[in-house]
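From a predicted model like this one, the values you see are computed outputs, not experimental measurements. We number each residue from 1, following the sequence as shown.
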Amino acid sequence: MRNKVNLWQSMISCVLILSLLLCAPTEAMAKSSSIDRSYVLENGTQILLRVDERFKADSKADTGTIHSIVETDVYSADGSKVLIKAGTPAHIEFSAESNGAWGKAGKICLTHATTKTIDNKRVSLRLSSCKNGGSKLGGVIVLSVLLFPLGLISGCMKGSMPEIQQGATFNATVMQDIAVE
């Protein structure tokens with residue numbers, strides 16, 4: 001009896017699946033499976049950003065943005081259309097670690113950026129670039145040893161904070177696929 005019920009359920013399932021396949025709008029499925037690659041900005045696309053201003057971090061831990069622009073045109077997945085024009089404004093997010101006593105240098109890490117496509121869609125970008133300032137640890141050690149015990153005051157010397165020159169370029173990567181209209 002149990003085999004008859006399982007057989008009957010299997011036959012009904014097969015009939016339902018076949019009817020769904022035959023009645024489904026196959027044209028819509030075909031369009032969704034073959035996305036027009038000429039309007040897609042793909043995940044992993046490289047974008048070159050150029051810093052618009054000279055930037056030097058303060059002597060404290062901080063976060064913020066640095067203004068930049070897209071250096072070159074960015075093309076679609078198939079290379080046929082420009083999706084981000086050269087000169088489009090971009091904003092690079094940074095985090096800064098402060099310089100410290102005993103000659104410790106400061107550090108700036110550029111982690112994320114944003115820009116816009118030709119139809120004003122926001123594009124999130126990934127960066128991984130860190131810059132270190134100048135360390136003065138060697139000078140602190142020399143002064144401490146040569147002028148001991150007065151040389152210990154040199155422990156108050158701080159390292160320098162890094163500086164990003166105007167015109168510096170950074171490679172960024174698109175974080176997700178974006179369909180542009």
Side-chain angles (χ1 to χ4, degrees), residues 16-100 104-135 159-181:
L16 286 174
I17 290 172
L18 282 173
S19 64
L20 282 174
L21 287 174
L22 293 175
C23 297
T26 56
E27 192 174 311
M29 287 177 21
K31 282 185 181 177
S32 67
S33 66
S34 64
I35 297 172
D36 187 6
R37 306 298 288 167
S38 63
Y39 292 99
V40 174
L41 181 61
E42 280 190 327
N43 177 15
T45 301
Q46 294 290 315
I47 296 179
L48 188 63
L49 302 177
R50 181 171 38 91
V51 176
D52 235 6
E53 60 192 3
R54 182 177 168 269
F55 178 78
K56 181 163 177 134
D58 296 335
S59 295
K60 59 183 180 183
D62 196 11
T63 60
T65 59
I66 301 170
H67 298 286
S68 62
I69 61 170
V70 176
E71 181 73 13
T72 58
D73 289 338
V74 179
Y75 291 90
S76 60
D78 68 355
S80 65
K81 304 231 182 320
V82 174
L83 301 180
I84 301 175
K85 291 185 179 183
T88 302
H91 302 283
I92 299 173
E93 297 174 18
F94 73 88
S95 61
E97 293 179 18
S98 64
N99 53 355
K104 178 187 170 219
K107 180 179 183 180
I108 295 177
C109 288
L110 309 174
T111 54
H112 292 91
T114 58
T115 190
K116 295 200 178 215
T117 61
I118 56 174
D119 67 343
N120 275 339
K121 287 188 180 171
R122 184 173 184 241
V123 179
S124 294
L125 306 170
R126 179 182 15 238
L127 283 128
S128 61
S129 179
C130 289
K131 292 197 175 271
N132 291 318
S135 174
S160 64
M161 290 298 288
E163 188 174 308
I164 298 175
Q165 296 295 327
Q166 181 177 2
T169 57
F170 298 97
N171 287 321
T173 307
V174 175
M175 292 175 69
Q176 66 186 20
D177 288 351
I178 297 174
V180 179
E181 297 171 3

Point-to-point distance, once rounded to the nearest 0.5 Å, from CG of Leu110 to SG of Cys130
7.0 Å

In Å and rounded to the nearest 0.5 Å, what is the OH to OG1 distance from Tyr39 to Thr117?
12.5 Å

Contact list for residues 64-77, test salt bridge (charged side-chain N to carboxylate O under 4.0 Å, His left out), sequence neighbours left out
Arg50-Glu71

By the salt bridge (charged side-chain N to carboxylate O under 4.0 Å, His left out) test, which pairs, at least two apart or in different chains, include something from residues 85-96?
none

Close side-chain approach of [X] to [Y], heavy-atom, < 4.5 Å:
X: Ile66; Y: Phe170; value: no
X: Val123; Y: Ile178; value: yes
X: Ile84; Y: Leu41; value: yes
X: Thr114; Y: Leu125; value: no

Please find the pair of heavy atoms, one from [X] and one from [Y], that lie closest to each other, and give the distance.
X: Val174; Y: Asn43; result: O-OD1, 2.9 Å
X: Lys116; Y: Asn120; result: CD-OD1, 3.9 Å
X: Leu49; Y: Ser68; result: CB-OG, 4.3 Å
X: Leu83; Y: Ser76; result: CD1-CA, 3.5 Å
X: Gln166; Y: Asp52; result: NE2-O, 3.2 Å
X: Ala113; Y: Leu127; result: CB-CD1, 3.4 Å

Partner set under side chain to side chain donor-acceptor pair (under 3.5 Å) for Gln46, not counting sequence neighbours
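Partners of Gln46 by the side chain to side chain donor-acceptor pair (under 3.5 Å) criterion, ordered by chain and then number, come out as Thr173.
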
Residues that Gln165 engages under side chain to side chain donor-acceptor pair (under 3.5 Å), provided they are two or more places apart
Glu163

Can you list every ring-ring contact (aromatic ring centres under 6.0 Å, His included) pair that touches residues 72-91, not counting sequence neighbours?
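Found His67-His91.
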
Derivation of the side-chain contact (heavy atoms from CB on, under 4.5 Å) call for Val70 and Leu48
CA-CA 6 Å; Val70 176; Leu48 188 63; over 6 Å; no

Taking Ile118 as the fixed residue, which of Thr88, Val180, Val74 is the one that meets the side-chain contact (heavy atoms from CB on, under 4.5 Å) rule?
Val180

For Phe94, which residues count as a ring-ring contact (aromatic ring centres under 6.0 Å, His included) partner, sequence neighbours excluded?
Phe55

